[in-house]
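What follows is a set of notes on a single structure, which appears directly below.
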Amino acid sequence: MLEVSNNKDAQTTLALFCKVVDNYGDIGICWRLARQLAHEHGIAVNLWVDDLISFKRICPEVHTDQAEQDVAGIKVTHWRDQNGVFTLNDIANIVIEFFGCDVPPAYIATMAQCTPRPLWFNLEGLSAEEWVEGCHRLPSPHPQYSLIKYFFFPGFTDKTGGLIKEAQLSEQRQQFQSNSQAIVQFLSRLGVTAAEQETLKVSLFCYPHAPVNDLFEAWKNSPVAITCLVPEGVASDAITHFLGQTAVAGSHATQGALTVRVLPFIPQSDYDRLLWACDLNFVRGEDSFVRAQWANKPFVWHIYPQDENLHHVKLKAFLNRYTAKTDALDNLSLAWNTASDPQGNWADVWQTLLTELPQITLLSTEWEQEMLKNGNFSTNLLQFATTLA
Ligand code: TRH
């Protein structure tokens, strides 16, 4: 047990504050971390989240009308505003704010009255850029109180916090991937037909501005049949255009070598299985991007867009580090993020990548082993916390 309270027998408590800026990545990461801290480290976790509707999309057990609820052994508090009155008993031993999301002022003021002081971390976004190593674990003293907040960065090297990965994940993935019946049952449950399951299966999760139409044109002329599985709500305009009807779960159409099938938006654990079941995954943001790396399948990342194309710098920083790739994967990744112009050569880029998919799949296993050498994000965080306690 992490000893950060006066009472050595007490269970360590942790408050994780999450504001959903947009989409599902903020709550997706926090929910994953909350579960791991509770289930693997025996910590009493209180997840504060401002948007229960987004949370419910990835975790259907969530009730959107409850101020407090228990979900999978984690206390979930609907974080409605910055007000609130807190006593010393309300304050957790460890406080994590996701992405500088501003813990309520009264909570911070009460933290400052605790003995010992809670350990306070700001959980930062994932980037492969060099500067991350220099900022990881940096202290930031509070201007008013005797409190220090530490920046903690996920990352791809041993000078960062590493990546979030559950202890049993590789084993679960291997069991699933080696059980063809389990894969058939899973895909059938999502409505994927037996014939579609025989084709090259590609999952598609991207932002609306991705050049989906260009890729679909290349796929229509692909030498192998492709089934593109796209959760409802993703790239809806492009999917509707292809289908010739509104893109709702269950709708599908075939043009040339390409079948596009719209899936329901699935719970987070099923999304992992989808990545494991497909031959190639298009992922985005941060959490699905990391999960694709644990799927041991080739993937193409659609990075979250930033002003002045800053995201292109981040994309290239990752591609420079990433070893499970070929030139064709680099080319498609850059074109997919409009960081390069394939000048009408989408078909060439695709066909080269297609022949290299088996090689990239093998390299993905090596990448996973490399990343595991950096340790696990939650364990690294708790080890760092122990040094501060
Ligand atoms: O949804 P994202 O684009 O999220 C984020 C946010 O935009 C955030 O503000 C930004 O900081 C970050 O990207 C970079 O992509 P992400 O991170 O991949 O999160 C998606 C989550 O949704 C992930 O936990 C997987 C989950 N998911 C499901 O549970 N079911 C599904 O069907 C799909 C497609 C995803």
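Note that the structure is predicted; figures quoted are calculated from it, not measured. Values below: every heavy atom of this structure, side chains too, minus hydrogens, waters and symmetry copies. Each ligand, and each atom within it, is numbered from 1 in the order the structure gives.
- If you number the atoms of ligand 1 from 1 as listed, the ones under 4.0 Å from a heavy atom of Q268 come out as 24 (O), 29 (O).
- Considering only residues two or more places apart in sequence or on other chains, I91 meets the side-chain contact (heavy atoms from CB on, under 4.5 Å) condition with F86, Y107, T110, M111, C114, P118.
- The shortest N or O to N or O distance between D287 and ligand 1 is below 3.5 Å.
- A donor atom on one side chain and an acceptor atom on the other are found under 3.5 Å apart for E368 and S170.
- In this structure, the ring of H136 has its center no less than 6.0 angstrom from the ring center of F151.
- Taking the centre and axis of the six-membered ring of F156, the NZ or CZ atom of R321 falls outside the cone set by 45° and 6.0 Å.
- Under a 3.5 Å cut-off, the side chain of R291 and the backbone N or O of L275 do not form any donor-acceptor pair.
- Residue G25 has at least one N or O atom closer than 3.5 Å to an N or O atom of ligand 1.
- For ligand 1 and F99, the ligand atoms under 4.0 Å from any heavy atom of the residue are 11 (O).
- Among the atoms of I266, some N or O lies under 3.5 angstrom from an N or O of ligand 1.
- Heavy-atom proximity to atom 3 (O) of ligand 1, evaluated over Y207, F98, F205, is greatest for Y207.
- Listed by number with element, the atoms of ligand 1 under 4.0 angstrom from any heavy atom of G285 are 13 (O), 14 (C), 15 (O), 17 (O).
- Y271 and D287 share no donor-acceptor pair across their side chains, judged by distance under 3.5 Å alone.
- Within the 4.0 Å heavy-atom cutoff, G125 does not count among the residues contacting ligand 1.
- Numbered from 1 in the order shown, with element, the atoms of ligand 1 that lie under 4.0 Å from a heavy atom of N23 read 1 (O), 2 (P), 3 (O), 4 (O), 6 (C), 7 (O).
- Near G28, meaning under 4.0 Å from one of its heavy atoms, ligand 1 places the atoms 24 (O).
- Listed by number with element, the atoms of ligand 1 under 4.0 Å from a non-hydrogen atom of D26 are 8 (C), 9 (O), 11 (O).
- Remark: ligand 1 and Y304 share no N or O pair separated by less than 3.5 Å (distance only, no angle test).
- Annotation: the span from H63 atom NE2 to D70 atom CG amounts to 10.0 Å, rounded to 0.5 Å.
- Side-chain polar atoms of W219 and Q255 form no donor-acceptor pair below 3.5 angstrom.
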